[in-house]
Amino acid sequence: MPTRTEPAPLNRWWQSHRSVALLAGLFAVFPFVLPYTALANEIMLFALAAVAFDLCLGYSGVMMFCQASFFGTAVYATALTLLHLTSNLFAAMVVGVLAASLLALVVGFMATQRSGSYSVLLTLAFAEMIYFIAFQWSGLTGGDNGLTGIKRPNLEIPGLFSISLQSSLAYYFFSFVFFIAAFYTIRRITLSPFGKVLMAVRENEQRAQAIGYNTRRYKMAVFVIGGFFMGLAGSLYCMYICFAHIHFVHFEISGNIVMMVLTGGMGTLFGPVIGAFIIVLASDLASALWDRWMLIMGAMFVFFVLFARGGLWGLIEKLLRAKAARGKGI
Amino acid sequence: MTDLIIAQAFNGLVLGMIYVLLAMGLSIVWGMMDIINFAHGLFFAIGAYLAFTVASWSGSFLVCLLAVPLATALIGMLLEVTLLRRLYGQNILYQILMTYGIAIAGRELVIMLYGPVGKSFDQPELLTGVIPIAGIFFPIYRIFVFGLTALLTLGMWFVIEKTRWGSIIRAGTENLKMVSCLGINISRVFTLTFGVAMAIAGLSGVLAAPMRGIEPFMGDLILGICFATVVIGGMGSFAGAVVGGLIVGLSQSMVTLVMPSASVIIIFMVMAAILLIRPRGLMGIRD
Amino acid sequence: MQKKVTRRTFLKKSALAGAGLGLAAGGFMPLRSWGAEPLKIMIGTTFSGPYAETGDYVRKGTQLAVEMFGGQVLGRPVEIVERDVPNPSEGVKKAQEAVEKLGVKFFFVSPSSPTVLAVSEYAAKQKVLLIGAAGADEITGKSCNRFTFRWPVATWSAIREVVPRIIDVYKAKTFYTITPKYVFGEDLLRNTQEVLKAKGLTLLGNSDHPMGESDFSSHLTKAMAAKADCVLFLNFGGDTTNALKQANSFGLNKASRIACVWGSGLTQMKAIGPKILDGVIWGLQYFYKIDSPGNRKFVEAFRKKFNETPNYLAANPFTNILVLLQSIERAKTDDPVKVVQAMEDYDYEGLTGAEKFRACDHQAVKPYYTLQCKAPDAMKTPDDFADIIGSSTNIPPCAETGCKMS
C-alpha cells in the first residue's frame, strides 16, 4: 500500500509494473508476518477469486451470484481427479480449471440472454441448482459428508525433479506463482483494447452496441475468464485443504466474494485484494475480537453503496489525490 | 396412496400460501419500485423472532398476529425512508448490494439479540390438535393458516383492484412516469407500499414460526424460493404471486412423493427456464 | 440458500494458577504465560445451526473435567481453545490454525460425523491426537487411524441395543424411518435394516431429509400414510427436536408408536416437553440415572457447579478430557504418539463403569442405553423424564470393524 505521496496522479503510478511487483513483495512476506501460513494461503486464494470477480463486476458491470459454483466446481473436479484418475498435480489443476470454465460458459451463455435483474436471478437459479445437485448426488460428491482422502501431489516431473509441497509454506509459494501470474494477466486484460470495450459495456451497453460491438459476446467472454480464474482459485484451494465439501458451492462463498470486492473497491483490482485480506483476517480473528463482525460488514456494505462506491481503495485514492493536489498548491 | 396424495397436497397448499404471502410483497416492490429486495427474507425472520418476543410477553398468538406485522411495517418504512430511497432509478446493482448488506447486518443483529441457537415456538393452545377426515389427520393449526392466508390474499386482491392506492400500484407497475405526471406523490406511495410488503412478510414469519421453528438463517433459506416464486408467477403481478406460490408449494410437496431428492432442484430449473423462455413469468405484465 | 453457518468462536482459558492474565493482543502474539507453557486442548464443536445446543454443554463438561483434574498436567496449566466448527471445512481450517498457530496437539471434536472424519484425516497427517465424538461407524471402522479415538459407541452398536428393545416393548412388526442424509444417518439406517432383516420384520419405507431440515411435514405425512407400527427417528439434536414437535402437531402418535434411536438426553427432552414425550422410547449413550460410582460423582459435581443435571453432550467431553489428561500424565510427555500408546487399552473407571479404548480400533468399550419416557404426572422431579429400561455392550469384534491401523 502506498504511504508516501506522489506528485503524479495515483492511477498513473499504479499503472506501471511496479504495482504488481509490490503486490508480489507483499504476498511474499505474508506467511512470515501473519499468525500462521494456512491463513496466508486462505487470503491469497480468496484474493484471487475476488480479483477475478472484480473483472466481471468492476470492469464489465456483470453481476452474478454464482461465484461459489465456479469455485466449488473446480474444488470438486480437482478432488475427483486426484481421487480417481491421477495424482499428477497439473492434470488435476487443468481438469479443475476447465470444469469451472466450461460451467462458466454454460451459465454465461444463459445469463447473458437477459439483462439486469433477470440476468442476476438466472445466475442465482443456477447457483442453487448446482448446490442441490452437489448435495443430492452424494455418490459423486460425497454430499454432506464431503470427499476425504485427497492427497496433495508434489511438484514433480518423474525422472527430472521433485519438490515436496506437503508443508503449508511450500504450497503457499506454489500457489503464489499462480496468483501473481493470474493477477498480472487480469490486469493486462483490463488495460488491453478488449478491456476498454468491457468498460464501455459497463458504462453504456446500448452505446457500445450502437458502435458495433456484440456486447453479449463480450459479456460471455467475461463470464468465462472470471470462471477460469475463480476455478483456478478453487483448484488451488482444494489441494491446500485436501478436502471437498458442498460448503464450497454454497451461496455464502459467493456472498463473501461479492463482499470482498465491494469493500475493497470494485474496478480497482487492488481493492479486492485488500477486501479479501480484511474479510478473511476478520473471520479468523473473530475469536479474539467480536464474533458478530459480520454486522459491521453489512453496515459497511450499505455505507459503501451510499457514499463510497470505490470501496476502501477508492477512499485511499481520494485521500492521496487530495493530498497531491494540495501539495501542488491548487 | 390417495390418502398420501391428499395429505401431501394439503401440506403443499399450506406451504404454498406462505410463499404467496412472501411473493406478494417481493413482487410489488420489484414491479413498482424496481428493487430486487435481498432483505425480504430478513423480514420473514424478524417476523418470526418478534412473534417469539411478543408471545412471551403477552402470551397471546392473536396479539402476535396484529402487533408483529405493524412492527415489521414500521421497520420497513424506516428503512425505505433512510436508505432505499437514495437508490431509486440507479443501476440495479447498487440496490442488490445494499439490500444484501441490510440482510447480513439484520441477520447478525438478530443473532446478537436472540443468540445463534434457534427458538422453538409452540402452537397456540386453541389451535393444537388434528381433525381426522376420511382417515387422514389434518392439523388444526395448518387449516387455520390456510384459511387466514386465503382471506388475506382475497383482502389484498380487493385492495389492489378496488382502492385508490391499489390502482396507483397497478398503474405504477406499468408506467411509473405516467403516474408521477398525474401529480401523485410517488415517494409517499413508495414508503407505504414498502411498509405493506414488509408487514405481509412479517406476518408470514409469524404464521410459519409454529410450523417450522425459528432460527437466524430462516430468512436466507427461504429467499431463493421466494425469488423463484416471483419469477415463475411474473414480476409485479398480484395474480402471479398467488399462482407462483401455489405452484411452487404444490410441486415441492408432490415431487417429494415421487423423487424427494429433486424437490428443490426442480423449482430452480423451472425458474431458470421461465427466465430464459418467458421472462415476464406466467402472469406478468411486462418483460 | 440452504442451511447456513456462522462463526462463533471462543478463546477461553480454563487454566488456573499462573496461566491467567494473558490477553490476546489482536491474536497476533502467541500467548505466553509466566512459568510453564500451557498445554493446549482444542475443543471443536457447534455453537450455531441444528446442533447448536452441543457447544454450550461441551464447554461445561470440559471445564469441569479440567477443574476436577486440578487445572494442571505435567506441571503445566491446561488451556482450552474453543472453536466453532459448523461444517467439515471449517473444522479442517480451525484444526490447521490450532496446529500451525497455537501448537495444539490434542483435539476434541463434536458432534457431526463428517466434521470428525475430516479432522481425523488431518490429525493423522499431523500426528496429533483427536477424540471424535460422533456416531458414524467408519470413524473407528474403515477410516480409523492411530491418532483418532471415539467414546460414544458406533451406530452399529446403538441399533443392536435399541431396535430389539423397541420390537420387544412396542410389539412392533412394521417400521418406518426418518433419516438425515449424511454419513451418520445412512449408518443408522443401514444397521436398522440389518437388524430388522435378521428378525424377519419389515421396513415399510424411509424418508431422507437434509441436516438442519425445518419443515418435516412431507416426511411425517409419508410416515403416517405408511401406517407402520413404529416410526423410528434416526436423526440427532435440533433435527430430532423439531421433528418430534411437528410429529405431535400432525398426530403421528395416534397412528404409530414413536422412537428416537440417538438422543442427546435431558436438554432435548426438556425442549420437547413431557406431554409429547409420553411413552416414547429413546436410545442414549448416557443418562444421568446410570448407576455407577463414576457417574454419581460426575452428576453431583456438575449439579454443584452449573446448577443443572448433566446430559450426554456434557458427559462425553467430561470423561474424555479426564482420560486424556490421565494418559498425558501417565505418558509423562505431551508427545501425541506416546499419549496414544498410553490411552490404548488403558482400563479406567468411567461414567458407565469399567471402560477402555480398544487398541485395535480405538473405540471405547461401553454400553448403550434404552429409555422409555413417563407420563407427565408420573414425573417425580423436573428431570425425571424417563427410566432406563435396558442396556447392553455390543461392540463389533476387531476383525469385523474394517479398521486397519497404520
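Heavy-atom basis, side chains included; hydrogens, waters and symmetry copies ignored. Residue numbers start from 1 in every chain, and the chains themselves are labelled A, B, ... in the order their sequence lines are given, proteins ahead of strands.
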Next item on the list: Answer with side chain, backbone, both or neither: which region of B:I136 has an atom nearer than 4.5 Å to a non-hydrogen atom of chain C?
Entry: neither

Check: chain C: which of B:V14, B:I140, B:V264, B:L4 shares the most heavy-atom pairs with it under 4.5 Å?
Finding: B:L4

Next item on the list: Report yes if the side chains of B:S120 and C:K245 come closer than 4.5 Å at any heavy-atom pair, otherwise no.
Entry: yes

Next item on the list: Starting at CZ of C:F216, measure out to CG of B:N11 and round the result to the nearest 0.5 Å.
Entry: 13.5 Å

Check: So how far is it from B:I5 CD1 to C:T221 OG1, rounded to the nearest 0.5 Å?
Finding: 12.5 Å

Notebook entry, point to check: Is the closest side-chain heavy-atom distance between B:M211 and C:D215 below 4.5 Å?
Noted result: no

Check: Contact part of B:T256 toward chain C, heavy-atom cut-off under 4.5 Å: side chain, backbone, both or neither?
Finding: both

Notebook entry, point to check: Just how far is it from atom CE of B:M218 to atom OG of C:S214, taken to the nearest 0.5 Å?
Noted result: 8.0 Å

Notebook entry, point to check: Would the number of heavy atoms belonging to other residues, nucleotides or ligands and lying under 6.0 Å from CE of B:M269 be above 12?
Noted result: no

Check: What heavy-atom pair brings B:V130 and C:S249 nearest, and what distance separates the two atoms?
Finding: CG1-O, 3.3 Å

Notebook entry, point to check: For B:Y114, which residues count as a ring-ring contact (aromatic ring centres under 6.0 Å, His included) partner, sequence neighbours excluded?
Noted result: B:Y49

Check: When rounded to the nearest 0.5 angstrom, what is the spacing between OG in C:S218 and CG in B:L15?
Finding: 9.0 Å

Next item on the list: Determine, stepwise, if the pair C:K227 / B:D3 fulfils salt bridge (Lys or Arg N to Asp or Glu O under 4.0 Å).
Entry: CA-CA 11 Å; C:K227 299 195 168 55; B:D3 286 14; 3.6 Å; yes

Checklist line | Shortest non-hydrogen separation from C:F250 to B:F137 and the atoms involved | finding: O-CB, 3.7 Å

Notebook entry, point to check: Non-hydrogen atoms of chain C under 4.5 Å away: do they reach the side chain of B:Q123, the backbone, both or neither?
Noted result: side chain

Checklist line | Interchain contact, C:K181 with chain B, by part (heavy-atom threshold 4.5 Å) | finding: neither

Next item on the list: For B:M259, look at atom CE and say whether over 12 heavy atoms of other residues, nucleotides or ligands are found less than 6.0 Å away.
Entry: no

Note to self: So for C:D208, is it side chain, backbone, both, or neither that comes closer than 4.5 Å to the heavy atoms of chain B?
What the structure shows: neither

Notebook entry, point to check: How many angstroms lie between CD in C:Q246 and CZ in B:R142, if you round to the nearest 0.5 Å?
Noted result: 6.0 Å

Margin query: Only pairs of heavy atoms separated by less than 4.5 Å count here; which of C:A255, C:G251, C:S217, C:A271 has the most with chain B?
Written below: C:S217

